[in-house]
Structure formats: C-alpha cells, structure tokens
Protein chains: 2
Amino acid sequence: MAKATFLIAAASASAGAAITAFFMGRRTSSPTSSPAAASTPLPKIPPAEDGARITRADPIAKSIVDPSGWFSYGAPGPVNDLATRTAFFSVYDRRTRNPAWVAEHITAESLTGSKGDRKNSVFVEDPAVPEKFRARLKDYFRSGYDRGHMAPAADAKFDQKAMDETFYLTNMCPQVGEGFNRDYWAHFEDFCRRLTSKYRSVRVITGPLYLPKLDVDGKYRVTYEVIGSPPNVAVPTHFYKIIVGESAATPSPNASVAIGAFVLPNARIDNKTPLTEFAVPVEVIERASGLDFLSLVPTERRRSLCREVNCSIVVREFPPRPPKAATK
Amino acid sequence: MAKATFLIAAASASAGAAITAFFMGRRTSSPTSSPAAASTPLPKIPPAEDGARITRADPIAKSIVDPSGWFSYGAPGPVNDLATRTAFFSVYDRRTRNPAWVAEHITAESLTGSKGDRKNSVFVEDPAVPEKFRARLKDYFRSGYDRGHMAPAADAKFDQKAMDETFYLTNMCPQVGEGFNRDYWAHFEDFCRRLTSKYRSVRVITGPLYLPKLDVDGKYRVTYEVIGSPPNVAVPTHFYKIIVGESAATPSPNASVAIGAFVLPNARIDNKTPLTEFAVPVEVIERASGLDFLSLVPTERRRSLCREVNCSIVVREFPPRPPKAATK
C-alpha cells in the first residue's frame, strides 16, 4: 500500500492530509518509520496485580541501590484492561477512561442475523475495570455528548448477548451526536458493513485520538474536554478506523489484504465531504495513538482498500431509535 | 495514612487541595475507592511484538465471528517500555512520549558516592523505544522547556554509568526551567534526599500528569503543549512524586512505611509556598494517572511522612552547572 495513495489534498485542517503532514513531518521517507517495520522487542512490565519482585535482566554487580524494590509495594501498571466479547475485543485506557482500541470482525453472514435488537440492550458500566478508573453512566449524563459505540451495535445483530456487550462503556467514547455519531459516523460504519459484499471477512479496529492543533501563538496544543463531575471521561478530538478486507475465511500469514485507514474529527461533518478526505497512512494513526497496527503484515501483503472499492459513504435514513444522548 | 492529613487548604487552584477536590469529588467516602483496595485481577493483552493468536478465555460456542483474528496482524499494544537502570526503573508512554513513571531508590550510602559527575553525561535518545514513538533531542531544541529529569542526576552520583543512564530521554519530561526545574522542583528533589538521614531506604516514584482545569464556559478541559516539529512530546501540566520512607534495609511485607504524595504544577512556584500545599492522597494521583500505587501496602501499614518529618523545602544555592535548556 503506497503511502501516496493517502496523501490527498484536504479541504479542512481536520481532514486526513493535514493530519498526515502533521505527524509525518519530514519523516515519511525514513526507512525505519515504515509501517511494515517490526517493532523492537522490549522488556515487559509486570502487571499491576502481580506484586512479585522482578529480576533484573542485566544485574549490576555491587549496585548499592535496588530500584526494583518498588514492585514489592505493587507494580504501578499501566494495566491494559482487555475485554474479550463475542463480537469484539477491546483494550481500555485507564487514564482517559476511553477504550484505546476496539477490534471487531464482520462477515456477510454475521450481518444477516436478527436475533439481537438494540431495544433490548442497555448501556452499562464495566465492572471489570476497578471503580477508580471506570467510566460511569453519570459522567455522560447531560454532558451533551452521545455514548458513541466503537464496535457498532448494528454489527452484532446476530445474537442478543453479542449486542448487549457492545453497550459496555468500555466500548464507548463521548461523541458529538448530531452531524457525527448519528450521521456521518453512522454512514461510515455502514460503509464498513457494505464491504462484506466484496470481502469474505472484514476486520475493523476503532478508537479515539487526542490530536494537537496549531494555536494562535504558533504553538501546538492538545485540548480536550473532560466530562463528569468530578471530571472523569475525556472527549476525544478525533476517531480512527483501520479496516482490513480479507478474501479468505480465516486470516492467512501469506494472503494479501486490503487496508484502509481513516481519521475523522469528533465534530459535525457535512455529508457531502468525501470519505477519502479522511484517509491517512496507518503509520499516522500509530504515531498519534502510540499503538502498533498490522506489524505482522509486510508491505508486499498490503493492498489499498480505496483502489478496490469506492470509498464513499451512502447517506440514507436509519430506522428511528431511542436517542443515544444520555437522558437518565 | 488518614486522607484528612492531606486535605489542606490550598492558596492556588493548582495546589494539592484543589486537585484533590477535583478528582475525589463525592467519592472519598466510598469503601471501594480506598487506596488500599487491591485492583481486580484482569486479563492481559499480548505484547505488541507477539503476534500469536490468543485463545478466548470464555469461548462462545458457535460464534460466527472471531474478533481475536486481529491479533494475527500483530497485537496493537499499548506496550509499556520498561527500562531497568542501575539507579531507577522507568515505564514509557508511547502516546505522550514521556515516562509514565520512574521509580528510584536512594540511601544515605548511595548519596555519599562521588564517582558520577554530570559534566561527563550527555542527554541521549532511547534506542529501546521504536523510532516512531521516540522522544527526540530535537523536540526539546529551542522549545523553551528544560529536559527535566524524573530520577534526578544528583541521586546517581555513586556511579558514572548510573548517572549517564539518568540522561536517557525516557527519564525526561519537558519542564519549566526558571522557577521550577532549576528552583522549587530542585529543592523538592533535595527534600527527598534529606529524608535518607531519617529513613534507611527512601523510594520515590515520579511522573507527569495532564490535569483538566475549569474553563470560562464552565467546562473542564485538559490542555497541554506538544513540542517538536512535527509536534511530538507532550508538556505535562503537573508532576507527581510519591515518596516512601522505610526503616528496614529491604522492603518487608509486614513493616509499616512512611508515605508522602505530592502534585506540583509545571510552572514557576514561589519558594515561599509550603511544600505541604502540594500534598495529596495517593489515590488522587492514581485517578489522574490511571496507575496503581502501593496496592500491596494495606492502610494499617501506612504512616504519614509529613507527620514524621518537616515537609518543607530548604532554599539553597545549587552549584553552577551547564544550562539544561536544550541549546544543541
């Protein structure tokens, strides 16, 4: 997948090309910054719940101090709360109280089911996250933001339990409702579902970003609202999706895949805006999120999604549903 | 350690009591939010460099999708880059390009050494962090901020290699120089060193925070600068230190310890400001950072540091040293 595919002139500062220029700077040509470059193996931090003293990989003879002793008080983390749901996996960020990423799998078959109905589902706090780090229903209450699904409820219609699980707050971020979550973003989610007519498997990873912007004094600053009283849940400035289309029924280590990556602002978006304006190289999302994506998929296995399908939304009426803005 | 010890009236919005009120809200009396409460054991995410397919802990019979398949592309992380140095351990945050925490150990003996001299040390990028997530020397260049040590160089005088290691950028955050890094913060670091006259071991964990503040429209927002071109390293709004004084030579699972926790703004601080104004309960730092501290130290083992020692800085001239603001 050539990066040039994604370097599309953008009409607004929040669109893909600007974000790309922002994070890539002069480094797009650096061979070590290739999206296919494997990440360096690194030592791991013991999980916070494991207070065992760790052994130094490289013991210093006769060192007169022992910094590993802190672990006898309990390892600080950070802990990445992994949730393994029926329709998606998610990892939670305890500092922003939003997911870091949510990975789902959809197929033509999974989307034809109708056993799950969102009318039967309720938004729930996730008891697997310790209370002091948990996003709460009351944080969203009257915040002005929707409880926006990362893995969409509509992707889990094949089973009521699967759909119920999409309503955990660990699958949710505060999203602008009108013009975004209920409009452009919903059409974008629909775009992902329509890909199942071409690809046997479609995998989508979705998450929040907190991007800097140029301030009037010439400095770059990240600014985001925090909702709740006391303030608890960060309101992302943007959201990403990386979409992978597979021809095989199961992922194969040799098969090539079609990849599209997008970054959308958490704001009202005119339905006339082409989806391709939000396309970015995968590496841009990696730099912005601190995450690694597709590290095991070398460049020669990557095809460009938007060269194979028409990357555009279809604006259509969605069936009426209960308002998502928190009203209780 | 009674929380009330730390609920001290604060003169400024950035001081301890305000921060405490902020994060604790009405929840200080909740038994489940006790700092001593053990964190819930949670499943772990495979490290990003390990692309092995994970097994579902709770397999769903006949599920027609397999979200774990994403891991065949490589696990996204986040990866917590642990560095095990002679004088400290650190964990890096790949999104903000700052450490999440740096834990060090100091003793009267370790501080009497003089084999390490900061004149022989140079600031260095950390090659253990993948290039795309690395803090760089050029990010700090002409940024207006000091490269501020989390584990202080002066705590590693016992060995030149130990001191050199404190100069990795993974031990560094952008800090306001005049009035903070070179003044109040330096006096605060000196306070930690002076504790070795009373405690056989002193352990200190230090790190950055990104705290929300009340905006003119009544909403809370986090705002922080990002330095570098393209913007790369976040400038924390605050810094924390949790200090533990031990009477024993090595940590004991039964011994009580003296604990002090402090949050200081990354800003000029008048030397007349009492250190106690910045004292907070440990849980406040946990909520703000998403980290767990002292989870294996139950309440009955916790004593209050500031009841045992005079928690105040001593303003004194430090020996002249090369300017820390990046000039090359």
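Every chain is numbered from 1 and lettered A, B, ... according to where its sequence line falls, protein lines coming before strand lines. Keep in mind that the numbers below use all heavy atoms, side chains included, and drop hydrogens, waters and symmetry copies.
Ranked by non-hydrogen atom pairs under 4.5 Å with chain A, the options B:Ala234, B:Ser110, B:Gly113, B:Gly228 are led by B:Ser110. Here B:Val244 is the residue among B:Asp159, B:Asp215, B:Val244, B:Thr107 with the most heavy-atom pairs under 4.5 Å with chain A. Looking only at heavy-atom pairs under 4.5 Å with chain B, the residue among A:Glu104, A:Arg301, A:Glu109 that has the most is A:Glu109.
For A:Ile242, the parts lying under 4.5 angstrom from a heavy atom of chain B are both the backbone and the side chain. Proximity to chain B is limited to the backbone of A:Val204, based on heavy atoms less than 4.5 angstrom apart. With a 4.5 angstrom heavy-atom cutoff, B:Thr96 touches chain A only via side-chain atoms. Looking at B:Phe158, the atoms closer than 4.5 Å to chain A (heavy atoms on both sides) all sit in the side chain, from C-beta outward. Looking at B:Ser289, the atoms closer than 4.5 Å to chain A (heavy atoms on both sides) all sit in the backbone: N, CA, C or O. Contacts of B:Ile205 with chain A are made by both backbone and side-chain atoms, with heavy-atom separations under 4.5 Å. Contact of B:Asp93 with chain A is made through the side chain alone, with heavy-atom distances under 4.5 Å.
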### Query
Going through the distances and angles, do B:Arg203 and B:Ile243 end up as a side chain to side chain contact (heavy atoms under 4.5 Å, CB included)?
CA-CA 6 Å; B:Arg203 297 184 184 278; B:Ile243 305 163; over 6 Å; no
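Between A:Phe293 and A:Tyr240, the distance from one ring center to the other falls under 6.0 angstrom.
Using a cut-off of 4.0 Å between Lys/Arg side-chain N and Asp/Glu carboxylate O, B:Glu131 and A:Arg287 are scored as salt-bridged. One finds a salt bridge joining A:Arg94 and A:Asp81 here, because a Lys/Arg side-chain nitrogen approaches an Asp/Glu carboxylate oxygen to under 4.0 Å. We find that A:Lys132 and B:Asp292 are joined by a salt bridge, their nearest charged nitrogen and carboxylate oxygen being less than 4.0 Å apart.
A search for side-chain contact (heavy atoms from CB on, under 4.5 Å) contacts involving A:Thr196 returns A:Ile106, A:Ala108, A:Leu111, A:Val202, not counting sequence neighbours. For A:Arg200, there are no salt bridge (charged side-chain N to carboxylate O under 4.0 Å, His left out) partners, not counting sequence neighbours.
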